[in-house]
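Written below as structure tokens is the structure these notes are about.
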Amino acid sequence: MVSTSERPRLIMEDGRRYNGRAYDELRPIRMQVGVLNNANGSALVEYGRTKVLAAVYGPREPQLKHVSIPYRAVLRCRYHMAPFSTHDRKSPAPSRREVELSKVIRESLEPVVVSEMFPRTSIDIFIEVLNADGGTRTASVTAASLALADAGIPMKDLVAGVAVGKVDGVIVLDIDEVEDMYGEADMPVAAAPSLNLITLLQLNGVLTPDEFKKSLDLALSGIRRIHEGMKETLRRRYLEVKVEE
Amino acid sequence: MVSTSERPRLIMEDGRRYNGRAYDELRPIRMQVGVLNNANGSALVEYGRTKVLAAVYGPREPQLKHVSIPYRAVLRCRYHMAPFSTHDRKSPAPSRREVELSKVIRESLEPVVVSEMFPRTSIDIFIEVLNADGGTRTASVTAASLALADAGIPMKDLVAGVAVGKVDGVIVLDIDEVEDMYGEADMPVAAAPSLNLITLLQLNGVLTPDEFKKSLDLALSGIRRIHEGMKETLRRRYLEVKVEE
Amino acid sequence: MVSTSERPRLIMEDGRRYNGRAYDELRPIRMQVGVLNNANGSALVEYGRTKVLAAVYGPREPQLKHVSIPYRAVLRCRYHMAPFSTHDRKSPAPSRREVELSKVIRESLEPVVVSEMFPRTSIDIFIEVLNADGGTRTASVTAASLALADAGIPMKDLVAGVAVGKVDGVIVLDIDEVEDMYGEADMPVAAAPSLNLITLLQLNGVLTPDEFKKSLDLALSGIRRIHEGMKETLRRRYLEVKVEE
Amino acid sequence: MSVTPSSPDYILPKLKAETLASLVKKGVRLSGRALDEFRDFSVKVGYIPNADGSAFVKLGNTQVVAGVKLEVGTPYPDTPNEGTLVVSAEFVPTASPVFEPGPPDENAIELARVIDRSLREIRAIDLSKLVLVPGKKVWVVWIDIYVLDHDGNLVDASAIAVLAALLTTKIPKVVVSPEGGITVKKGEYEGELGLSRRVITVTIGKLGDVLLVDPDLEEESVLDTKIVVAVSDDGRISGIQKSGMGALTYEEVLKAMDLALRKGGELIELVSSATLKQLKEGS
Amino acid sequence: MSVTPSSPDYILPKLKAETLASLVKKGVRLSGRALDEFRDFSVKVGYIPNADGSAFVKLGNTQVVAGVKLEVGTPYPDTPNEGTLVVSAEFVPTASPVFEPGPPDENAIELARVIDRSLREIRAIDLSKLVLVPGKKVWVVWIDIYVLDHDGNLVDASAIAVLAALLTTKIPKVVVSPEGGITVKKGEYEGELGLSRRVITVTIGKLGDVLLVDPDLEEESVLDTKIVVAVSDDGRISGIQKSGMGALTYEEVLKAMDLALRKGGELIELVSSATLKQLKEGS
Amino acid sequence: MSVTPSSPDYILPKLKAETLASLVKKGVRLSGRALDEFRDFSVKVGYIPNADGSAFVKLGNTQVVAGVKLEVGTPYPDTPNEGTLVVSAEFVPTASPVFEPGPPDENAIELARVIDRSLREIRAIDLSKLVLVPGKKVWVVWIDIYVLDHDGNLVDASAIAVLAALLTTKIPKVVVSPEGGITVKKGEYEGELGLSRRVITVTIGKLGDVLLVDPDLEEESVLDTKIVVAVSDDGRISGIQKSGMGALTYEEVLKAMDLALRKGGELIELVSSATLKQLKEGS
């Protein structure tokens, strides 16, 4: 049980956010691929203190025959939080939240994976949130995308994700846990920028139509920057930058 | 947590029951078939405020191969209560009570379904109690029977069910929840009247041998009236009557 | 909730244990085989008040195809405690302890069962602890071994088990529940004496290297005596002796 | 989800099934028993030292253990001044080649609930005597039925074991602290649980138009259906369960009740005297 | 574990799928509906007498029941002075040949969470009014969605049912004892729950480059993807969920928002007036 | 239900297995390591900011994270004046092509219980110091082991990670209100948890009549059996687990103990100094 301090001020007098960032500033982002030995592909992605590991196995024979599809590979995706990843210890049993996020993350990747190339196989994406500080689902999409690429799975584009939020009335990019908890809206977005496709879009909170458009624009600008970083990471195997430098 | 009022008086001075019914009087019964679009057969049955929906799928290929039988159809039956059907919200996980009732309801239908006509198939009966006010298992038998008929499954007879009880020392027909809770005995009975076969018989409570015979006779008289209503419903697709008028 | 009396004295002034036994004295041991009608082999083994039933079914077709092995039989083993076997009622759901003990018991039998003789089959060992007073896992190994022999499964040797412990600083044989609970160490051992093979070895507690060697020697001396009793039991079908007479 | 059983507990060879059926029509059973005759049974009470009451029962080759434990718990909100009763049954995999480990299946659940109902409404156990701190702390009576070997009629074997176990159950000694804390004195007892009513079940099988009591596994495999009747020591019916796929006529039901009431009375006396004899001999 | 569905809810024959697609390009639907046209729907409130609020909704052939129950519970530690809200959904096996009994699958969980989020942050229900004993006892608002028959667009049908059910939900009467014990007066009510904001969802399907509202099961089986937008009675967006395998362009997303806001406003009025009409006629 | 594994974690090609076996007889390992030589390992402490203590360990290619969290809970009734300790392990599916999502299997449960026992009886953590309100509120020490990549000897890699994590674990700051309510000050700490004893495990594999420490995945796939020995910093044995299908002779067991005690002492020092070095450098 964490102490419920007063709701903190999230936008300072100078217009900066409580964490010192500008409204359109990403956290420091680190990305690394090939971090695991056994997996066919893997990536470790950090958005600030949010730390996510993704592993890809496959294309391989499905564990369960009846989930195979004759004309394409199935994607199997699990988003899972380590018990120590959250402030209060998380029970290892899958929560309803984890079930939902596994689905939306899978659906954010379905449009780019060239699954028709591997009929009757399974491409398994295992995501482990090691430390959670906001934006875990969007960091997961980024990590899964990199792990798929690292595994050599053909993709039409890399999908990158980021959450925007409304805090103290201001639309800000890449919100962390505090901004999520005390803010007015949290909108995770993932997109394949080269294809101009939005593959994940959720909103938890309330926005006016205008605020929504502003939020979506801000998210896509962040996604483009992260997408550049991902491409660079795949070239260099490792990237640690403030992506927007 | 419902207030535990004093045990109410169940038989009034004029011999009538607390709900105004005579000892051998059924509640208003409504029956309707073909209420669902997807199911092969369906029925909605109400005994007073008890409201039960039954759907039948099949004969169809069994979901699980190993439950098929070479010389007959298997019946699969689930009795399930909606979370909002009871006074205190019911957890959706199947209770031991629901497991048992699924079995006795299935066994009440086994004797009439001509299962040998559909070897290696499955006939699936899904029963949802939408509102519970006593007699849900017997209303379920009636509803399942109608849904089977609506699905065109050949049957040797329609099975109808009703519960009798002993309240304030008196044997009464078609008890409701209050009479069940505060009464001395609850005896659900289902029968195929044309075949003179009792297909469900349970007793929760205590009866002398004489009381038992009286209860069984009363139940069978109620069953015969409901059975008539069922046949009428299948002709007219819908019936709302005080069955005994 | 059992009263937590003070930690009792476990070694008396005369050097005897609180239960009157000498440091190297087994409890009265009773063994009986062929106690069940349906199982292919069975045994009931008692170490004092610890009472364990083992049943063997097989070699037979595996329940689940995918657990079969082309060149040998699989052993399936379940160690399970009856709800009434413990002081506080035990929930029937398998605990983590039961999962672990099922594994170590199976692994204690793997080295002696001639599993290559029965490829693609399953040999199923079901162990039910009926009353628990310490040493249940080692009594289970003894019982399972006897049940396998009773089922006619070829074995290279009979495996016998016993737990030694350190109580009030003294290494003692065949500890009971009180000695386990208030002692400093509990070391269950199982061995196939004719093969000079230790097939189960665990230590819960702390021992110096010298104490460890002393404990292991004491365990093996007890195991040899129980092993003699087992052979006698299989000849006579029933044995009730203080094995060390 | 209840499903028509595709693999029965036991498959009787066809020839033997025919013999059984034709014999039964003449009033004879494969085992030589009369139609209204129970198999021999033996009872060992105090079989589980860690239980507060227990019995091991062999009914023919069917073996069942019942263990009763009293633990301190909280009452149900609607019966604040009564102890609580929980009956569970496990068909453990030692008992039959078709029993697999896992949570109780519908048959085990049905058995436990039939035994539970046979005791509950007739108030065989006076739960109002099991209050430790009114409204707050009561005894929970756990009755656990453990089927070790299955040769048919598990219900009656269980009912015998439960009756014997309850007749020998003792109430643990407790110390209630001023603040309402309760300490159970391990291994010490205050007295007998006692039964207000003794109850047994009688299971009657129907094969064609013949009724027979205490069906064994071979018989169960060919029966049309079964009916379980709970009978109390004052000759009342305290529970009924038609169990199995077939049906009974009105006349058969009435006949089954008569049979059950007669055999139930006998059985209660047999179990009681066997139990009391052991109590005198033992401890 | 989320897996690409190998058996869809419904398989549209290939020829029909082609017809559907080519018609839709021309702005026509198989059912004759306009692209921005909802199916007819009916609402029956008070459908579940044992619930504190309930509604049965038929949207085309999709049938859903929503039941609301208020129970006494404890607040979350971080919101000691608010009631709590729990939304669950079950796709019961009556509803479709592909629904099997069991715990809610990812689709049912997603639906419940989408509905939950549409209500929570906008504070449609004022949870601060649901406190019984501050910090200790509050009302738990259970919203249970029960899908009885599946002909597509389960989310909007559920949202309609939930809105209607909440608009008719009453708060049970309770007696709080001096020691803080709470007794619910069965069947008696203190007043309306009331809604601070009315919220609905509008589901928009994408097929090729066409957007259409309220897709039915045939349409859903061939859609590229769907987007669910929660809309409040003051014209704000209180939730979004892209759901399904495909993707949308930036322009499509903006267009979908416009469409949703327009249809959502209409829908809230239709549901509200249908509900209020029944309230006046009924009880 | 424990079943003989039909699909091992890893299948070594036959030829390689034979080479491995014949080399080992000569005291040489495929990797070039000596029989009593551990693989190189690295430790990163403070890897999980949200944990109160944590370490990431790479032992060869085996990767494990251990996270320690302290939460406020209630003591066990029989130890009212002690904190409690819970050790869990998950073999997450990132780690191996044969690991599937789901509750911990017998191997993960065994690992967690072996680590738990190695710490508990020797009182490596002084639980009596973890009492907040005697008899009512204590610290629960959650140790969660997370296996990320599996290249053999998961137990020792976990033990290293747990030792390093515990050496760096801090106790959160709390405020206890007069009524006994406890508020944890998020992100603030009162001091170190501290260890009364440092404990490590040493896993020894047996292949033929050869013993070797720290088996990697290739070696594990052909071992006859393994024995895990927990060793404390004062040279005592604080746990043993024979694990795997085969058996050891009496002489092998004694030899394994000697080996384990020697390597264990070295390992404790290596882990401690690596951890302390980072503590000095870091934070």
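Numbered from 1 within each chain, the chains take letters A, B, ... in sequence-line order.
The minimum heavy-atom distance between G235(D) and P209(B), with the atom names listed, is O-CD, 3.7 Å.
Only the side chain of I69(B) comes within less than 4.5 Å of a heavy atom in chain D; its backbone stays farther off. For a residue to count as touching a neighbouring chain, one of its non-hydrogen atoms must lie under 4.5 Å from one of that chain's; by this rule S118(D) does not touch chain B. Contacts of P104(D) with chain B are absent, with no heavy-atom separation under 4.5 Å from either backbone or side chain. Heavy atoms closer than 4.5 Å to chain D are found nowhere in L109(B), neither backbone nor side chain. Only the backbone of S68(B) has a heavy atom closer than 4.5 Å to any heavy atom of chain D. With a 4.5 angstrom heavy-atom cutoff, F126(B) touches chain D only via side-chain atoms. Proximity to chain B is limited to the side chain of M257(D), based on heavy atoms less than 4.5 angstrom apart. In this structure, the portions of R97(B) lying under 4.5 Å from any heavy atom of chain D include both its backbone and its side chain. With a 4.5 Å cut-off on non-hydrogen atoms, V104(B) touches chain D through its side chain but not through its backbone.
Side chains of P94(B) and M1(D) form no contact here, defined as non-hydrogen atoms less than 4.5 Å apart. Contact of the Y250(D) side chain with the L197(B) side chain is not registered, since no non-hydrogen atoms from C-beta on lie closer than 4.5 Å.
A distance of 9.0 Å separates CG of L203(B) from CZ of R117(D), quoted to the nearest 0.5 Å. We find the CG-CD distance between L101(B) and E110(D) to be 10.0 Å, quoted to the nearest 0.5 Å.
Ranked by heavy-atom pairs under 4.5 Å with chain B, the list R236(D), E252(D), R113(D), E121(D) is led by R113(D). Across T249(D), V228(D), D105(D), the residue that shares the most heavy-atom pairs under 4.5 angstrom with chain B is T249(D). Of the listed residues (K103(B), Q202(B), E184(B)), the one with the most heavy-atom contacts under 4.5 Å to chain D is K103(B). Note on N204(B), L216(B), T208(B): by heavy-atom pairs under 4.5 Å with chain D, the leading option is N204(B). Ranked by heavy-atom pairs shorter than 4.5 Å toward chain B, the options I227(D), T225(D), L261(D), V3(D) are led by V3(D). In terms of non-hydrogen atom pairs under 4.5 Å with chain D, the most contact-rich of E107(B), E211(B), K213(B) is E107(B). For the set M187(B), R78(B), E100(B), H80(B), the count of heavy-atom pairs under 4.5 angstrom toward chain D peaks at E100(B).
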Do F212(B) and I240(D) pass the side chain to side chain contact (heavy atoms under 4.5 Å, CB included) test, and can you show the C-alpha distance, the side-chain angles, and the key distance before you say yes or no? CA-CA 10 Å; F212(B) 167 74; I240(D) 304 176; 3.3 Å; yes

Verdict with supporting geometry, N196(B) and E251(D), side chain to side chain contact (heavy atoms under 4.5 Å, CB included): CA-CA 9 Å; N196(B) 180 29; E251(D) 297 72 24; 3.5 Å; yes

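In E61(B), the CD atom is not crowded: 12 or fewer heavy atoms of neighbouring residues, nucleotides or ligands sit closer than 6.0 Å. Environment of NZ in K156(B): crowded, with over 12 heavy atoms of neighbouring residues, nucleotides or ligands closer than 6.0 Å. A 6.0 Å sphere centred on OH of Y23(B) holds no more than 12 heavy atoms belonging to other residues, nucleotides or ligands.
Screening R106(B), E98(B), R76(B) for a side chain to side chain donor-acceptor pair (under 3.5 Å) involving S2(D) leaves a single residue, R106(B).
A donor-acceptor distance shorter than 3.5 angstrom exists from the side chain of T4(D) to the backbone of L75(B), with no hydrogens or angles considered.
Looking only at atom types and distance, the side chain of S102(B) has no donor-acceptor partner in the side chain of E106(D) under 3.5 Å away.
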